[in-house]
Amino acid sequence: KRQMEWPSPWGVGFPGWHIECSAMAAKYLGSFFDIHCGGEDHIMVHHPNEIAQTQACHGTNLANFWIHGYFLQIEDQQTGQESRMGKSVGNFLRLETLIEQGFDPLAWRFFCLSAHYRTKLNFTWDSLTGAQTALNRLRAIVFELGAPGVSDQEYLNRFLEQINEDLNMPRALALVWEFVKCDLPKAVKKATLLEFDKVFGLDLAHWQPVVETVPPEILALANQRDQARKEKRWKDADALRE
């Protein structure tokens, strides 16, 4: 920020981030567009300023819908209290940190889908582990369904109802788990789930299970153990297991 030299046709002051956002939005999106996003900290000051400036300049409210995402909450290791995650607070997580801990980046996405964007989401390592487990379960289900066929329009309509209800992702995910238990043909279920995933972005179409190659000597031990169990030689079976 820089104070302008006087005299100035604009008066004394400096450009601020409110006017910058209004100017950039108008330049690249026009003076009136559909959706404007931001964090919950923009509700009280930043976005009302953008609206006021655009009303004065263009006679519009800049956007039809103002969507505010709420902060991620993370537990303080020392106090045990929940607080928002951020660089200024010093408790932010990087995606690389999650990868180093053995988490799939898409497990993080699945975790975020579990809460509505206008509610605070509490992060714990246990909750992320649960998200990864659920994602892997869904991946396995979709993979085992085989080749896709024609999607089911009734379930697609129900899915769109939840998405159009202010992006209600938790309800959309709940519908997924209901859908995988239904009696529709596998090809129909596969096609429908892939349509759902165009919104979720979990890349379900391309996931494949990891193929593990068992060394011959390990396989031989496993076979010996099975034989020992069949013959009720429990001591030998335990030794082979070890």
CD/E165: more than 12 non-hydrogen atoms of other groups inside 6.0 Å: no
Enclosure of R171 CZ (heavy-atom neighbours >12, cutoff 6.0 Å): no
Note: [X]-[Y] ion pair, threshold 4.0 Å (strictly below):
{"X": "R94", "Y": "E96", "value": "no"}
{"X": "E40", "Y": "K120", "value": "yes"}
{"X": "E195", "Y": "K198", "value": "yes"}

Aromatic plane relationship, H68 with H47 - under 30° parallel, 30 to 60° tilted, over 60° perpendicular: tilted
Mutual orientation of the aromatic rings belonging to F111 and W108 [parallel < 30°, tilted 30-60°, perpendicular > 60°]: tilted
ILVMFWY clustering at 4.5 Å (side-chain atoms), partners of V210: none
F159-F200 aromatic ring centre distance below 6.0 Å: yes
Pairing residues for K186 by the salt bridge (Lys or Arg N to Asp or Glu O under 4.0 Å) criterion, not counting sequence neighbours: none
Write down the atom of [X], the atom of [Y], and the distance for their closest heavy-atom approach.
{"X": "H36", "Y": "L62", "value": "CD2-CD2, 3.9 Å"}
{"X": "H58", "Y": "A26", "value": "NE2-CB, 3.8 Å"}
{"X": "A228", "Y": "L240", "value": "CB-CD1, 4.4 Å"}
{"X": "V45", "Y": "P48", "value": "O-CD, 3.3 Å"}
{"X": "A172", "Y": "I163", "value": "CB-CD1, 3.9 Å"}

Could you pull out all donor-acceptor pairs under 3.5 Å where a side-chain atom in residues 98-107 meets a protein atom, sequence neighbours excluded?
from: D104; atom 1: OD1; to: L106; atom 2: N; distance (Å): 2.8
from: D104; atom 1: OD2; to: R139; atom 2: NH1; distance (Å): 3.1
from: D104; atom 1: OD2; to: R139; atom 2: NH2; distance (Å): 2.9

Verdict with supporting geometry, F179 and L184, side chain to side chain contact (heavy atoms under 4.5 Å, CB included): CA-CA 9 Å; F179 178 68; L184 288 171; 3.6 Å; yes
Q224 CD to D226 CG distance, which is reported to the nearest 0.5 Å: 10.5 Å
